[in-house]
Amino acid sequence: MFKVIKRLLLVVVVLALASTAIVYGVLTLSLPALDGKGRSDAVTQPVKVARDTLGQAVITATTRHDAAYGLGYAHGQDRFFQMDLLRRNAAGELSELFGEAALGLDKKMRFHQLRKRSQAILKTLPKTDKQLLRSYAQGVNEGLAQVGYPSFEYLLTGAEQKPWQSEDSLLVIFSMYLDLQSSTFERDQALIQIEQQYGAEMVSFLTQPSQYQAALDGSQLALLNNPIPELLSQPITAIKPITTNLEVGSNNWAVTSNLTNTQAAMLSDDMHLSMAVPVIWYRAQLNYSLNNKPMQVTGVSLPGAPAIVVGTNNNVAWGFTNGYLDTADWIALNSDSKMWQVDEPIALPSGKVESYSLTLSEYGPVKYINEKPYALSWAAHQPYAVNMQLLQLEQAQTVDDALDIASDVGIPVQNLLVVDDQGNAAWKHMGGIPARKVPSELAVKEEDYSALWQQNEIDRPFIKNPENGRLWTGNSRVVSADDNVRFGNGGYALGARATQIRDRLFEKQRFNESDFYQLQLDNQARFLMPWHALLLEQLKKQPARYKDHINALENWQQCACPQSIGYTLVKTYRDELINILFSSIETTLNQRDGTLKYVKRDLEPAVWQLIKAQPTSWVNPQFTNWEQQLQGAFEQTLTQLTSRFGNNIQNWQWGKVNQLVIEHPFAKQMPILSKLLNMPTAPGFGDSYMPAVQKRSFGASQRFIVQPGHLKNAILTIPGGQSGHPLSEFYRAGFDEYVKGKHTPLLPQALMHQIEIAPMND
């Protein structure tokens with residue numbers, strides 16, 4: 001018997017090893033070749049695609065079109081599946097990959113008809129832009145063809161690798177509209193529903209300005225001094241948690257030469273996005289000639305597009321944060337409004353086609369909100385939404401050149417910060433802004449619709465070389481109080497993060513790259529200090545019962561530090577009190593497919609007004625008075641933390657609660673692949689409302705610090721590797737440096753691999 005068991009175990013081990021060998025063998029077949037020579041009819045002169053020690057793509061070409069081919073070639077080799085997901089997500093075509101499970105998401109995206117819009121915009125682009133997109137697309141397809149064997153994602157789904165098309169690059173830009181601006185019209189929808197259910201006074205109360213204001217001109221919006229509206233007839237229901245919408249955005253700041261030792265200005269930029277494997281950005285350097293002048297552009301590209309999104313040409317450097325201007329309005333339609341339906345067929349893997357019927361109007365696609373029709377007018381639906389003008393930044397020689405370009409660029413509107421080697425620094429909005437003059441967070445009457453929606457706003461404020469030498473943005477209001485009336489609030493961040501950045505910049509009179517990096521990693525919990533004081537006051541009323549929790553609060557370190565238990569308590573307490581206070585409204589909105597999710601970031605001033613005034617109508621029916629309600633929020637905090645992390649308080653350290661977990665999408669569905677596909681986990685080191693933004697799979701998607709003309713000290717760290725292939729030497733390259741806060745160089749290091757593609761007729 002023992003011998004039989006031994007033989008069976010041996011067979012199992014052999015089969016397991018054989019299976020592993022087969023898996024790795026199949027994966028090895030899809031590894032791209034990074035060395036060699038090739039030919040293409042898409043290039044006019046030889047193009048070199050090299051990789052350095054991090055896998056950064058270094059493209060050397062004669063023309064910008066050939067450089068686009070080289071960048072496409074590298075993207076096609078390293079990131080094609082990621083690119084495929086981006087275009088399919090924007091177009092509403094994921095069901096063709098993942099079947100009926102993706103139908104709901106596809107229908108949500110088909111509402112915007114972005115494939116049709118990309119095709120229409122492509123026809124209007126200048127000839128040189130069309131050619132550049134063709135060169136890029138051919139580079140993608142020939143880079144993919146060089147790999148020769150489908151990546152494991154296609155083997156698992158059984159899907160076909162469809163060739164890249166020029167219009168797909170426009171879809172990739174549209175995918176950024178969906179990421180960066182969807183919350184704008186979702187927020188407006190929530191406010192429309194709140195007005196219908198509770199009145200305009202409630203809308204004003206919930207969205208009142210906060211004390212956290214960091215506009216560049218120092219202007220302040222007046223704080224609300226209105227009575228608190230009554231919350232009548234709260235139903236006795238379970239407390240409804242309000243989901244937090246991720247604050248997709250970024251930090252950036254800059255100083256002029258008066259505050260550096262080099263006579264150059266300096267820029268910092270870290271864009272906050274969801275993080276997955278592979279990470280969204282792709283390191284690249286483009287080397288080509290323009291008018292017989294050598295050009296070198298280094299930074300991050302977005303796989304699927306032929307541009308350096310954030311970077312430098314050593315004369316200027318630029319970075320972005322999401323603008324959050326009001327770029328969307330819901331138009332209230334009437335029963336006699338002109339509406340019609342179109343059919344949007346959605347393909348499934350089986351060859352079956354699902355039909356989706358979409359209602360349209362002359363103002364935009366139509367959605368029923370509380371059973372009434374509203375048309376969405378959104379900047380992304382307009383002809384100026386997407387173009388190739390971002391590439392012009394590569395040629396800018398001064399800050400003034402970049403400012404001149406800003407109004408014509410077709411991307412989701414961003415806060416552009418730009419610096420140059422002459423010591424100048426400037427801010428301006430870059431991207432599509434509707435020229436209509438009266439933005440609205442609530443519904444717009446059909447008769448008030450402006451034809452100016454079809455035009456891009458050219459007249460924009462800007463600031464160059466402020467007297468104090470400092471510029472900063474963090475997704476809150478940047479424009480003056482007067483300009484805010486014109487451009488509107490599209491879901492601004494609260495302002496606590498931008499305020500902390502501003503205050504940090506005024507703590508020093510001289511900066512270098514290390515100073516800027518330290519500010520990017522600043523996790524001091526200034527925003528939560530009033531909440532800390534409130535909670536500590538509550539717990540000290542029962543010191544024996546809450547002895548351990550009081551001790552944790554008194555030693556909380558005032559930061560989102562990995563070892564801090566007190567930070568976890570304060571952060572969770574705030575969330576639970578908000579859930580208790582607004583549970584009635586959330587429950588009511590949920591009954592009609594609404595939510596406070598997109599308004600939650602606005603609630604801070606209203607919450608404190610309630611805490612101070614303690615109106616009876618805002619006591620949740622589960623409690624008899626405010627004292628019980630404040631106490632109940634902490635009991636709910638303990639319940640939540642215990643259910644998620646156990647009753648050992650040491651497991652409530654912020655580094656464990658907010659652990660950084662960057663996953664491949666397939667590993668989420670097939671945990672057996674997690675060790676092969678995911679990045680290593682790391683302790684949480686940041687949070688919201690502070691410069692060091694970090695959630696479990698969200699945060700600074702890159703950290704970029706540069707002084708033009710002094711690139712040897714420039715920094716670019718990214719939370720993941722260049723390649724999307726798990727067996728690549730570059731799959732996790734750079735991740736460890738990111739987690740440890742090391743100064744990863746922007747410029748390419750020693751080149752390890754090179755492919756040269758020559759013209760077909762050479």
Side-chain angles (χ1 to χ4, degrees), residues 205-206 208 210-212 223-225 228 231 234 239 241-242 244 494-497 499-500 503 523-561 563-583 600-642 644-645 647 649-650 652-654 657-658 687-690:
F205 175 65
L206 298 181
Q208 60 184 288
S210 81
Q211 74 271 35
Y212 298 104
L223 303 183
L224 189 69
N225 196 27
I228 298 172
L231 187 61
Q234 288 201 57
I239 293 171
I242 303 168
T244 299
L494 181 65
R497 176 162 43 91
T499 300
Q500 189 162 331
D503 294 347
N523 64 358
Q524 186 180 22
R526 294 186 179 187
F527 170 74
L528 284 183
M529 287 179 183
W531 286 97
H532 175 267
L534 174 68
L535 180 55
L536 196 56
E537 178 186 2
Q538 285 299 123
L539 299 193
K540 284 188 174 180
K541 294 175 182 178
Q542 301 182 58
R545 181 178 180 182
Y546 296 121
K547 177 183 176 182
D548 290 342
H549 309 109
I550 291 170
N551 182 61
L553 289 171
E554 290 179 336
N555 294 281
W556 77 311
Q557 301 173 263
Q558 298 185 359
C559 62
C561 298
Q563 296 79 29
S564 180
I565 298 169
Y567 185 89
T568 303
L569 294 175
V570 176
K571 173 65 184 290
T572 311
Y573 178 71
R574 175 181 180 269
D575 287 343
E576 293 306 321
L577 184 55
I578 288 174
N579 289 338
I580 289 171
L581 289 173
F582 298 98
S583 184
K600 190 174 182 180
R601 69 174 65 174
D602 296 291
L603 297 179
E604 184 73 4
V607 171
W608 280 104
Q609 194 174 350
L610 290 170
I611 291 171
K612 291 173 182 177
Q614 299 192 357
T616 303
S617 71
W618 284 81
V619 175
N620 189 290
Q622 296 193 27
F623 308 100
T624 58
N625 55 48
W626 266 90
E627 183 62 29
Q628 283 191 11
Q629 185 159 259
L630 293 173
Q631 190 71 27
F634 187 66
E635 291 300 323
Q636 187 68 19
T637 295
L638 298 182
T639 300
Q640 289 293 333
L641 292 174
T642 300
R644 292 176 60 198
F645 306 105
N647 57 15
I649 195 171
Q650 292 304 312
W652 300 359
Q653 294 178 28
W654 185 244
V657 170
N658 196 43
D687 193 20
S688 306
Y689 306 116
M690 59 183 59

Report yes or no: does Gln500 contribute a side-chain atom to a donor-acceptor pair with the main-chain N or O of Gln524 at less than 3.5 Å? yes
Is the ring pair Tyr567/Trp556 parallel, tilted or perpendicular, if the boundaries are 30 and 60 degrees? parallel
Judged by atom type as modelled, is there a donor-acceptor pair below 3.5 Å linking the side chain of Trp626 to the main-chain atoms of Pro615? yes
Could you walk me through whether Val570 and Leu553 pass the side-chain contact (heavy atoms from CB on, under 4.5 Å) test, one step at a time? CA-CA 8 Å; Val570 176; Leu553 289 171; 3.5 Å; yes
Note: Lys540 and Pro543 closest approach over all heavy atoms is O-CD, 3.3 Å
With no hydrogens and no angle check, is any side-chain donor or acceptor of Asn658 less than 3.5 Å from a backbone partner on Trp654? no
Judged by atom type as modelled, is there a donor-acceptor pair below 3.5 Å linking the side chain of Ser564 to the main-chain atoms of Ala560? no
Apply side-chain contact (heavy atoms from CB on, under 4.5 Å) to the pair Glu604 and Arg574, showing each step before the final yes or no. CA-CA 10 Å; Glu604 184 73 4; Arg574 175 181 180 269; 2.8 Å; yes
Does the side chain of Asp503 come within less than 4.5 Å of Arg526's, by heavy atoms? yes
Heavy-atom side-chain proximity of Glu627 to Gln538 below 4.5 angstrom: yes
Locate the shortest heavy-atom distance separating Ile565 from Gln650; write the atom from each residue and the value. CD1-NE2, 3.8 Å
Interatomic spacing from CD in Gln563 to CD in Gln557 - rounded to 0.5 Å: 6.0 Å
With side chains defined as the heavy atoms from C-beta onward, is the minimum distance between Leu206 and Asp602 less than 4.5 Å? no
Classify the angle between the aromatic ring planes of His549 and Trp652 as parallel (below 30°), tilted (30 to 60°) or perpendicular (above 60°). parallel
Any chance you could measure Asn551, atom CG, to Glu554, atom CD, to the nearest 0.5 Å? 6.5 Å
Quick one: closest heavy-atom pair of Thr637 and Leu569, and the distance? CG2-O, 4.1 Å
From Asp575 CG over to Ile580 CD1, what is the distance, rounded to the nearest 0.5 angstrom? 11.5 Å
Just so I know, are the side chains of Leu577 and Ile611 near enough to count as touching, which here means a heavy-atom distance under 4.5 Å? yes
Separation of Met529 CE from Leu534 CG (nearest 0.5 Å): 15.5 Å
Got a sec: does the NZ of Lys547 have more than 12 other heavy atoms crowding it under 6.0 Å? no
Any side-chain heavy atom of Asn625 sitting closer than 4.5 Å to one from Gln614? no
Quick one: are Tyr689 and Leu528 in side-chain contact, heavy atoms under 4.5 Å? no
Leu610 side, atom CG; Phe205 side, atom CZ - distance, nearest 0.5 Å: 4.0 Å
Could you tell me if the side chain of Leu494 sits less than 4.5 Å from the side chain of Arg601, heavy atoms only? no
Candidates Phe527, Tyr212, Trp531 - the one meeting ring-ring contact (aromatic ring centres under 6.0 Å, His included) with Trp608: Trp531
Heavy-atom nearest pair, Asn579 first then Ile242, reads OD1-N, 2.9 Å
Looking at every non-hydrogen atom in both residues, tell me the closest pair between Ile578 and Val607 and how far apart they are. CG1-CG2, 3.9 Å
Is there side-chain contact between Tyr573 and Leu630, with heavy atoms separated by less than 4.5 Å? yes
Please give me the minimum heavy-atom distance between Pro605 and Gln208, naming the atom from each residue. CG-O, 3.5 Å
Euclidean distance, Ile239 CD1 relative to Asn620 CG, rounded to 0.5 Å: 5.5 Å
